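Below is one structure, written out as structure tokens; the observations come after it.
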Number of protein chains: 2
Amino acid sequence: MNETALCQPGEAETQQRAAALPERPFFTVDLVIFTIRAERLEVLLVKRAERPRKSWWALPGGLLDLRCDASIEACAVRKLVEKAGVYAPYLEQLKTYGSRDRDPRGWTATTAYFALMASERVQLGGNQEAVRWAPIRGDGVDCDLAFDHAHILADAVERLRSKLEYTHIAVHLLPEEFTLPELQRTYEIILQQPLDKSSFRRRVAQADLLEEIPGKLRDGPGRPAQLYRFRDYDRRTFFPRSISRHAR
Amino acid sequence: MNETALCQPGEAETQQRAAALPERPFFTVDLVIFTIRAERLEVLLVKRAERPRKSWWALPGGLLDLRCDASIEACAVRKLVEKAGVYAPYLEQLKTYGSRDRDPRGWTATTAYFALMASERVQLGGNQEAVRWAPIRGDGVDCDLAFDHAHILADAVERLRSKLEYTHIAVHLLPEEFTLPELQRTYEIILQQPLDKSSFRRRVAQADLLEEIPGKLRDGPGRPAQLYRFRDYDRRTFFPRSISRHAR
DNA sequence: TCCATTAGTTGCAAAAAGAAACTATAATGC
DNA sequence: GCATTATAGTTTCTTTTTGCAACTAATGGA
């Protein structure tokens, strides 16, 4: 009847002060670091140096260090610096994956973060780890990934695509100064779908999140384009329509 | 210069097989269980029976049990049964909170889930814990909560409100059969804002997620209302407009 | 029977989006 | 110098969606 009987409910709580038993899972942080390179959405992968899954490609990450990481987020920031040499890109918690089977060594949990940055800002870590940018095809990469990392990556790609629809986050994939055609192309690359120019610009203008850099233009073939800068990092959206519009 | 120098990077990884050191955080799961009662959005709270924060109100939850919980989600389901006596309501991972200071006992992490259910389905746990439904005011409850639970609750309320705008999840707060005015009222209670009747119904009809129960009507004062049932649990949304509409 | 009450529909004006044509500004080649 | 090509940016028009209010429908009770 009581499905929890086998668990001796409450017992775990009383063991709380006995630190020796392995009642606590291994806890890691993994990063899904996206960038745009050569008109493609790409993700940073590292080749595992240790068993298990030695020499498989995996998301960068590693064990939480209770001595130096004040929080999970701080750990993610530290890993980001170690792996991509970047201090302050866009970083957002994605989801936590924890189970008995995701790692052959036993019960582990990992909190995945996803980060966006302009490829110019990345300084790949000097440690001898093999590191690689892999292009996203569909909702993942072409090679196999260790553990459940393909699943995590698919979740991250889905989150990125869906957040494009109601936030401004794509600007973090571009350098500080960028043009509207570049921004639109970023959207198109990620959504894998051409967008209408005038509608796109109408909405960007409405959101009022970008500021024109007076006089500054970017050259290329054809007419030079106006440069813009992201005005601020608040939570207003490009695409503010929602059910609240029914409000009376 | 190198901010991570103090952490002896890489050392944590090599300690991986030494289980005795407390390099793993305490790991718990907390639940934000919402329901609608008496025209209010309410959340389930329990009174802590132990120190620290003894007899403070807190979100229901507790330690992950590595012996019986196959995954974090399984742990959340188990806690949901223990606290609310419910097996299959809507359950979604919210976020993971982990830091050195959130609990005076040391480094802890908790993965918060949020659950929606019709108040009729709840069977408050028989254990002698003090349990209480607290109405949401603004983005929290009136009393103080233990640890960072007020913060978790605020995140859950924000997530619930924002998900109302592009998903169907409010149906999980209603009994299996409900009327459109009841559904609209649910939206209004959560968003704290009156909605336009014809726009609301237009969109619900467009999403095509509800099926009419032929002949079944609900009486009240005035004209009886048609009863509906949620058709299925897929990811289609009530409110499908988004940037992709710019697609050509 | 008439009124209050709530459910559900319809019609219309205003706003937003989609689509395409249009103008603007540069480089290049003759 | 001038047409050509290429890309940036604007305008115009049509269609769709929304906000709003009035309308009809069905019930109970004075």
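In what follows, chains are A, B, ... by sequence order, proteins preceding strands, each numbered from 1. Given the structure is predicted, the values throughout are model-derived calculations rather than measurements.
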Checklist entry - Quick one: D196(A) CG to dT10(D) P, roughly how many Å, whole number? => result 14 Å
Checklist entry - Quick one: which of dA26(C), dT7(D), dA19(C) gets closest to the side chain of S198(A)? => result dA19(C)
Checklist entry - Atom CG of L180(B) to atom C1' of dA26(D): distance rounded to whole Å? => result 16 Å
Next on the checklist: Ring of W57(B), cation from R132(B) - is the NZ or CZ under 6.0 Å from the centre and inside 45° of the axis?
Outcome noted: yes
Checklist entry - Between the base of dA8(D) and the side chain of R223(A), is there a donor-acceptor distance below 3.5 Å? => result yes
Next on the checklist: I need the CZ-P distance between R203(A) and dA15(C), as an integer number of Å.
Outcome noted: 16 Å
Checklist entry - Of the nucleotides dG8(C), dT10(D), dA19(C), which has the atom closest to the R201(A) side chain? => result dT10(D)
Checklist entry - When the aromatic ring centroids of F178(A) and Y228(A) are compared, is their separation below 6.0 Å? => result no
Item to check | Q226(A) side-chain N/O to K216(A) backbone N/O, donor-acceptor pair under 3.5 Å | outcome: yes
Next on the checklist: Tell me whether the side-chain N or O atoms of R202(B) pair up with the base of dG19(D) as donor and acceptor below 3.5 Å, since no angle test is needed here.
Outcome noted: yes
Next on the checklist: For the backbone of S119(A) and the side chain of T35(A), can you confirm whether one donor and one acceptor N or O come within less than 3.5 Å of each other?
Outcome noted: yes
Next on the checklist: Output the rounded distance in Å from CG (D219(A)) to P (dT5(D)).
Outcome noted: 21 Å
Item to check | Any S199(B) side-chain nitrogen or oxygen under 4.0 Å from OP1 or OP2 of dG19(D) | outcome: yes
Checklist entry - If you pin P221(A) and Q226(B) to their nearest nucleotides in DNA chain C, which one's is more 5'? => result Q226(B)
Next on the checklist: In whole Å, I'd like the distance from the CD atom of E212(A) to the C1' atom of dG9(D).
Outcome noted: 11 Å
Item to check | Closest to the R185(A) side chain, choosing from dG9(D), dA8(D), dT9(C) | outcome: dA8(D)
Item to check | Per A225(A) side chain, nearest of listed nucleotides dA8(D), dT18(D), dA19(C) | outcome: dA8(D)
Next on the checklist: Quick check for you: to the nearest 0.5 Å, what is the distance between L94(B) atom CG and E92(B) atom CD?
Outcome noted: 7.5 Å
Next on the checklist: Without decimals, in angstroms, what is the distance between E182(A) CD and dG9(D) C1'?
Outcome noted: 15 Å
Next on the checklist: Rounded to whole Å, how long is the line connecting atom CG of L217(B) with atom P of dT27(D)?
Outcome noted: 7 Å
Item to check | Spacing of K197(B) atom NZ relative to dT6(C) atom P, expressed in whole Å | outcome: 11 Å
Item to check | Residue Q206(A), side-chain atoms from C-beta onward, closest of dT27(D), dA17(C), dT7(D) | outcome: dA17(C)
